[in-house]
Amino acid sequence: MTQDAFFKLTYGIYIIAASAESKSSAYLGNTAFQVTAEPPQIAISSHKENDTTALIQESGYFSLSVLKETASLSTIGLLGYRHGKEVDKLASLNHYYTKNNTPVVLEDSLAWFECRVKQTVDTGSHLLFIGEVIDNGTIGEDARAMDYRFYREELKAYASKNAPTYVNLNRLNDSIEVKAEQPVAKEKSEEAFDPRKFRCMMCEYVYDPAKGDPHGKIPPGTSFEDLPEDWICPICGVGKDMFDEY
C-alpha cells in the first residue's frame, strides 16, 4: 500500500466549534463534506480525544467555518496544534454565539454553518457526526478557500496527530516531498550555505533554507543555524529547540 494515493484525495480546511454550558472549544479539521441537499446535511470526522468532540456530544450542535487561504498562521497554529486544556482557543478569535449557544468563528473565514446533530457513527478513533444545517452565512470577503494541498505544499504544514489524515512523516514516500525552489538571493557564499532542512517536532512544519520563512521575514538562503535565536515556528510558535534535522 502506498501513502501517495491517499494524498490524491481532496480536502478543505475548516474550523469546527462547539460549546456546552460554560465550556467552548474549536479545532482545525480537514474532513467535512455535504452528504445531502434536502435536507442539507454536513458530516464531520472528530477525534474522540478532542475537547470539541465531547462538547458536540453533550450539546448536539456544532458549527463549521470555511477557512480562507490568507488565514493567519497564528489562527492555524492555535486551532490546529494547541490543546483546549492549555488555552482558551476562542478568546482571541472573532466569534459569536447563536441562539443555541453554538460558537461560530468568523476569524479568517469565508462562510459558516450551524448544524444540529442527526446521526453519530463510531469509526474507532473518531466519531462521524452528521448534522442538519439549520443556519449559515457568508462573511463576504472575495478570497479562495484553503484546501489541504495549499496547507501542505504552500504552508508546509501537516495534519495534527488527531486528524483522520495524520501519518508519521517517516512513513511518507520521497515522491510526495515538495521540491524546494532555487533561492532568489543568497547573502552567504555557496560554500557557506547549509541546505539541511529541519522539522518541527510539534506540528511537523519543515523549515527549508532554500525558501526561508517569508512570514517571519527570513530571506531564502538562510541556514537553520543562522536563524535568530528568538525565531519561532510560523505554524505552532515553538522555538528552535523543538526542531530536529529532517
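Residue indices begin at 1 and follow the sequence shown.
Ile134 and Val35 are not part of a single hydrophobic cluster, where members link through side-chain heavy atoms under 4.5 Å apart. The cluster map of Ile, Leu, Val, Met, Phe, Trp and Tyr, joined by side-chain heavy atoms under 4.5 Å apart, puts Ile218 and Ile232 in different clusters. Using a 4.5 Å cut-off between side-chain heavy atoms of Ile, Leu, Val, Met, Phe, Trp and Tyr, with links allowed through other members, Ile16 and Val66 fall into the same hydrophobic cluster. By the rule that hydrophobic residues join a cluster once side-chain heavy atoms approach within less than 4.5 Å of another member, Tyr148 and Tyr205 end up as members of one cluster. Both Tyr151 and Tyr11 are part of a single hydrophobic cluster, where members link through side-chain heavy atoms under 4.5 Å apart.
The closest donor-acceptor contact from the side chain of Ser63 to the backbone of Pro103 lies under 3.5 Å. Of the possible donor and acceptor atoms, none in the side chain of Asn50 sits under 3.5 Å from a partner among the backbone N and O of Thr52. Checked by atom type and distance alone, the side chain of Ser109 pairs as donor or acceptor with a backbone atom of Glu107 at under 3.5 Å. The backbone N or O of Thr102 sits nowhere less than 3.5 Å from a side-chain atom of Asn100 that would complete a donor-acceptor pair. Remark: the backbone N or O of Thr75 is paired with a side-chain donor or acceptor of Ser72 at under 3.5 angstrom. A side-chain donor-acceptor contact under 3.5 Å links Ser65 to the backbone of Val105. Side-chain N or O atoms of Lys48 include one that pairs as donor or acceptor with a backbone N or O of Gly124 at under 3.5 Å.
Ring to ring, Tyr207 and Phe243 are not that close: their centroids are 6.0 angstrom or more apart.
The closest side-chain donor-acceptor pair between Asp147 and Thr10, if any, does not fall under 3.5 angstrom. Residues Thr98 and Tyr61 have side chains that never bring a donor and an acceptor to within less than 3.5 angstrom of each other.
Atoms CD and NZ, on Glu58 and Lys23 in that order, are 11.5 Å from each other to the nearest 0.5 Å. We find the CE-NZ distance between Met146 and Lys68 to be 10.0 Å, quoted to the nearest 0.5 Å. A distance of 9.0 Å separates NE2 of His95 from CG of Leu106, quoted to the nearest 0.5 Å. Put simply, OG on Ser25 and CG on Leu79 are 8.5 Å apart, with the number rounded to the nearest 0.5 Å. Residue Glu114 holds its CD atom at 12.0 Å from CG of Leu64, rounded to the nearest 0.5 Å. Note: Ile13 CD1 to Phe150 CZ = 10.5 Å, rounded to the nearest 0.5 Å.
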Checklist entry - After noting the C-alpha distance and the side-chain angles of Leu78 and Ser92, does the key distance pass the side-chain contact (heavy atoms from CB on, under 4.5 Å) rule? => result CA-CA 10 Å; Leu78 174 66; Ser92 61; 3.7 Å; yes

Checklist entry - Does the side-chain contact (heavy atoms from CB on, under 4.5 Å) test come out yes or no for Asp122 and Leu127, once each step is laid out? => result CA-CA 5 Å; Asp122 191 328; Leu127 292 179; 4.0 Å; yes

Checklist entry - Are Phe33 and Tyr14 close enough, and set up right, to give a side-chain contact (heavy atoms from CB on, under 4.5 Å), and what steps lead you there? => result CA-CA 10 Å; Phe33 53 96; Tyr14 308 99; over 6 Å; no

Checklist entry - Would Leu128 and Ile44 satisfy side-chain contact (heavy atoms from CB on, under 4.5 Å), going step by step from the backbone distance to the final call? => result CA-CA 6 Å; Leu128 185 69; Ile44 63 170; over 6 Å; no

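A perpendicular orientation is assigned to the rings of Trp112 and Tyr96, their planes being inclined by more than 60° (bins at 30° and 60°). Aromatic ring pairs are classed by plane angle as parallel below 30°, tilted from 30° to 60° and perpendicular above 60°; the pair Phe62 and Phe129 is tilted.
Taking every heavy atom of both residues into account, Cys200 and Val238 meet most closely at SG-CG2, 3.5 Å. Closest approach of Arg149 to Glu154, counting heavy atoms only: NH1-OE2, 3.8 Å. Of all the heavy atoms in Ile42 and Cys115, the pair that sits closest is CB-SG, 4.3 Å. Shortest non-hydrogen contact noted between Leu227 and Lys240 is O-NZ, 3.1 Å. Taking all atoms of both residues into account, the shortest heavy-atom contact from Ala26 to Leu90 is CB-CD2, 3.9 Å. Nearest heavy-atom pair, Asp194 versus Ser223, reported as atom, atom and distance to 0.1 Å: N-OG, 2.9 Å.
The closest side-chain heavy-atom distance from Ile76 to Leu67 is below 4.5 Å.
Cation-pi contact between Lys89 and Tyr27: absent, since separation from the ring centre below 6.0 Å together with deviation from the ring axis within 45° is not met.
The environment of CD in Glu245 is crowded: more than 12 heavy-atom neighbours from other residues, nucleotides or ligands sit within 6.0 Å.
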